[in-house]
Amino acid sequence: MIRSDSTEKIRVRFAPSPTGFIHVGNARTALFNWLLARQKGGVFVLRVEDTDIERSKPEYEKNLIEDLRWLGLDWDEGPDVGGEFGPYRQSERLELYHQYARQLLENGQAYYCFCPQEELERQREEALAQGRSPAYSGRCRNIPLEKARRRLESGEQAAIRLKVPEEGLVRFNDLVRGEVEFDLKLIGDPIIVRSNGMPAYNFSVVIDDALMHITHVVRGEDHISNTPRQILLYQAFNWPLPVFAHLSMVMGKDNTRLSKRHGATSIDQFRREGVLPQALCNYLAFLGWSPPEGKEVLTLEELVSLFDLSHVNRAAAIFDYDKLYWLNRQHIKLLPPSKKLELALPYLKEAGLVGATLGPAEEEWLSRVVELLLEGVDKFSDLPQKFSLIFDFQPEALAEEAREIISSDSARKVLQALVQKTSDLSDFNYEVFARLTGEIKKETGIKGKELYHPLRVMLTARASGLELDKFIPLVEEGARLNFPRPIKNCLQRIREFACVLGIEPAGKPA
RNA sequence: GCCCCUGUCGUCUAGCCCGGCCUAGGACAUCGCCCUUUCAAGGCGGCAACACGGGUUCGAAUCCCGUCGGGGGCGCCA
């Protein structure tokens, strides 16, 4: 019996445990669930699996909610928004689990297990060492319930295990993998309630998914071998089965599980780097899936309409930072200028380029600079580095490439000419610059790259950057504005450069 | 060790279910050219893959078997 017939509204869930920052793999699972729900007009449930008291922390739940919201995924039911099948935090559903465990106990489908943990651990290792399957021996299987209860009353501790049939096959049709089959002979009786009274994962998941009427369980491949145990539980209760879909893992470049070693892996880190949530979602969707028409830069809405779970690739995907950043650049381009400035500001402030408050003229100017400098930037955190083109001028620390450009005779001539022509000037702008370069071209016969390249080095103290017709007006204007770190205007730059590099005006003796 | 999943360019993938339209398509990365006063962006082009071995078939990336590789699981973690 399968839960979802086509008339029923789809209900999916994302069920993280609050034991750390949310990881790209989990975020992808959340996204796929969300896309499915939104596309089919279904319901997306957020459930917090906090039964591991050792590792779960309330602040992690807060982070998790923030990260998901930032990504743009919203849920219809959850610990923070409520819903008719709550509570949505497993730690608040303990009584429910006990109630259903009791039911299994009473009709003989589960039993108390008094085996001490150390003993089980020993047996497990022994079995592994001998090459046997380390499944539970079934030692407490036949202790009558009455006897077990007496032992409990006398103070003994016990876990509760599900009785798994000794043979048979569990089969299910996985939405992404097709038919999957497990042999019951290899599955030991799993613990469903620990001796400390907390439900085990495989148990609480089933109780919750069933009670919350979840129709599609979309989760990571690491859960695939839990699925038969869970199906057994559905069967024990005579509950309809949901549709299962197991997503492949996300790997690092070296084909091992993605970890900090590979770079940023938490959603939180990407947010701080200045990766756009829509770009991240766009990329995450491409881990195992690709759009049918070949258009790759997609908004969340487009993803919702195009996404198709049954076309998701079954093999593990390697996380490719290059492609993520490429998508991020594409999404940045799509942003309106005001949004670009808004997103850039925190990074500029942190770098000390901008003060706490900003005058209207400064803001307008900054917006134009951001617009120009954002071209080709992977992520917003790279922006302050780009801004140094305008805010920093260090002729004493020329890069090798820049040094080379000004070392030729012709370059020297060009620079001397400019120094000479600007020596009496008190005003400078692009028109003046254009007139002077015209004169220099005529007088020296130097043109093109030979002419402009050295001039660029002189004005910026670096070998690359904005085009000069954009750079000069920006710097001239910026120099008159009020910033924590003042901007040097072109004349200052020319004089300082000449001084540091020992360039004498043309015509005068060296 | 046992079980399950998986294997198309360096990477993400299309094609596979329903063999011929595949000379295997797209994107990222990379290389080259064009544009440009540099870089970037943009445009154009190049390099580059059906893991291997057997079948089945007139014909196989597509179907079957085996080998090898990768991943996951085998908890009183989730």
Side-chain angles (χ1 to χ4, degrees), chain A residues 15-17 19 49-52 54-56 90 113 115-117 120-121 124 127-136 157-161 174 176-178 180-183 185-188 190-202 204-205 219-228 246 248-249 251 253 255-257 283 286-297 311 313-327 329 333 372-373 375-377 386 401-402 405 437 447-457 460 462-469:
Chain A
S17 43
T19 53
E49 308 215 326
D50 56 350
T51 55
D52 183 347
E54 320 267 282
R55 296 194 300 150
S56 297
Q90 290 191 326
C113 172
C115 296
Q117 281 182 58
L120 292 171
E121 186 58 31
R124 216 180 78 88
L128 241 23
Q130 291 178 8
R132 293 198 325 265
S133 177
Y136 175 61
Q157 294 246 308
I160 302 172
R161 285 185 191 269
D174 191 289
V176 341
R177 271 152 228 282
V180 183
E181 195 178 272
F182 286 87
D183 191 339
K185 277 200 279 272
L186 301 156
I187 299 176
I191 285 185
I192 55 176
V193 178
R194 297 178 245 179
S195 53
N196 68 3
M198 291 304 260
Y201 167 76
N202 279 311
S204 53
V205 154
R219 65 203 340 179
E221 195 197 3
D222 45 342
H223 290 291
I224 200 162
S225 41
N226 285 320
T227 309
H246 288 95
S248 62
M249 302 277 91
M251 315 294 275
K253 214 153 190 81
N255 232 310
T256 62
R257 237 176 153 148
Y283 179 69
F286 285 177
L287 256 19
W289 175 80
S290 67
E293 296 298 323
K295 187 190 171 201
E296 295 207 329
V297 181
H311 276 75
N313 213 52
R314 296 183 294 236
I318 291 172
F319 194 90
D320 181 4
Y321 292 89
D322 283 334
K323 185 132 189 186
L324 168 65
Y325 291 134
W326 175 77
L327 274 171
R329 292 200 297 270
K333 272 189 207 165
L372 286 168
L373 259 25
E375 289 246 330
V377 163
K386 290 278 262 184
E401 197 189 347
I405 290 166
T437 49
K447 58 181 181 178
K449 204 164 165 173
E450 300 294 294
L451 173 64
Y452 287 99
H453 222 153
L455 293 175
R456 154 180 310 285
V457 173
T460 68
R462 61 193 74 207
S464 70
L466 284 176
E467 287 151 355
L468 291 176
D469 59 343

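Numbers restart at 1 for each chain; the letters A, B, ... are given by sequence-line order, proteins then strands. Because the structure is predicted, anything quoted here is derived from the model rather than measured.
Separating the P atom of B:C9 from that of B:G53 is a span of 16 Å, rounded to the nearest Å. Taking the C1' atoms as reference points, B:C33 lies 42 Å from B:G71, given to the whole Å. The gap from the C1' atom of B:A60 to that of B:C22 amounts to 11 Å, rounded to the nearest Å. B:A27 sits 42 Å from B:C74 when the P atoms are compared, rounded to a whole Å. Separating the C1' atom of B:G10 from that of B:U67 is a span of 26 Å, rounded to the nearest Å. On the C1' atoms, B:G54 is 24 Å away from B:C17, given to the nearest whole Å. Only the C1' atoms considered, B:C77 is 15 Å distant from B:G72, to the nearest whole Å. Rounded to the nearest Å, the gap between the C1' atom of B:A51 and that of B:U57 is 23 Å.
Here the CD-CG distance, from A:E375 to A:L466, works out to 9.0 Å after rounding to the nearest 0.5 Å. Separating the OG atom in A:S225 from the CG atom in A:L186 is a distance of 11.5 Å, to the nearest 0.5 Å. For the atom pair CD1 (A:I187) and CG (A:N226), the distance works out to 9.5 Å, reported to the nearest 0.5 Å. Of the inter-residue distances, the one linking A:H246 atom NE2 with A:R314 atom CZ reads 14.5 Å to the nearest 0.5 angstrom. Here CD1 of A:I224 is found 9.0 Å from CZ of A:R219. Values are rounded to the nearest 0.5 Å.
By the 30° and 60° cut-offs, the orientation of the rings of A:F319 relative to A:Y321 is perpendicular.
For A:H223, the ring-ring contact (aromatic ring centres under 6.0 Å, His included) test picks out A:Y201, with sequence neighbours left out. Residues passing the side-chain contact (heavy atoms from CB on, under 4.5 Å) test with A:T256, sequence neighbours excluded: A:D254, A:R261, A:H262. For A:S290, there are no side-chain hydrogen bond (donor to acceptor under 3.5 Å, both in side chains) partners at least two apart in sequence or on another chain. Taking the salt bridge (Lys or Arg N to Asp or Glu O under 4.0 Å) definition, one finds that A:E181 meets it with A:R171, sequence neighbours left out.
Nucleic acid contact class of A:H223 (heavy atoms, under 4.0 Å, all strands): base. Across all strands shown, A:A463 has heavy atoms under 4.0 Å from base atoms, whether or not it also approaches the sugar-phosphate. Heavy atoms of A:E49 sit under 4.0 angstrom from primed sugar atoms or phosphate atoms, though from no base atom. The residue A:I187 sits apart from the nucleic acid: no heavy atom pair falls under 4.0 Å. Here A:S248 lies out of heavy-atom contact (under 4.0 Å) with every strand. Within the nucleic acid shown, A:L455 has no heavy atom closer than 4.0 Å to any nucleic acid atom. In this structure, A:G288 reaches the sugar-phosphate backbone alone: every heavy-atom distance under 4.0 Å involves primed, P, OP1 or OP2 atoms, never a base. Contacts of A:S464 with the nucleic acid, taken as non-hydrogen atoms under 4.0 Å apart, include base atoms. In this structure, A:R456 reaches the bases: a heavy-atom distance under 4.0 Å links it to at least one base atom across the strands shown. Contacts of A:R257 with the nucleic acid, taken as non-hydrogen atoms under 4.0 Å apart, involve only primed sugar atoms and P, OP1 or OP2. Base engagement by A:N226 is indicated by at least one non-hydrogen atom pair under 4.0 Å involving a base atom. A:E54 comes within contact range of no nucleotide atom at all, as no heavy-atom separation falls under 4.0 Å.
The residue among A:G376 and A:N202 whose nearest nucleotide of RNA chain B is located toward the 5' end is A:G376. Ranked by how close their nearest RNA chain B nucleotide is to the 5' end, A:L324 and A:L466 are led by A:L324.
Annotation: proximity of residues 190-198 of chain A to RNA chain B (heavy atom, distance under 4.0 Å) is found for A:I191, A:R194, A:S195, numbered in ascending order.
Under the Watson-Crick and G-U wobble criteria, each requiring two contacts below 3.5 Å, nucleotide B:C22 is left unpaired. The partner of B:A61, taking Watson-Crick or G-U wobble pairs whose two distances both stay under 3.5 Å, does not exist in any strand shown. Remark: B:C2 base-pairs with B:G73. Criterion, Watson-Crick or G-U wobble with two distances under 3.5 Å. Base-pair partner of B:C28: B:G10 (Watson-Crick or G-U wobble, both distances under 3.5 Å).
Between A:R257 and A:D222 there is a salt bridge, since a side-chain N of the basic residue sits under 4.0 Å from a carboxylate O of the acidic one.
On the nucleic acid side, RNA chain B has its first and last nucleotide under 4.0 Å of a heavy atom of chain A at B:G1 to B:A78, going 5' to 3'.
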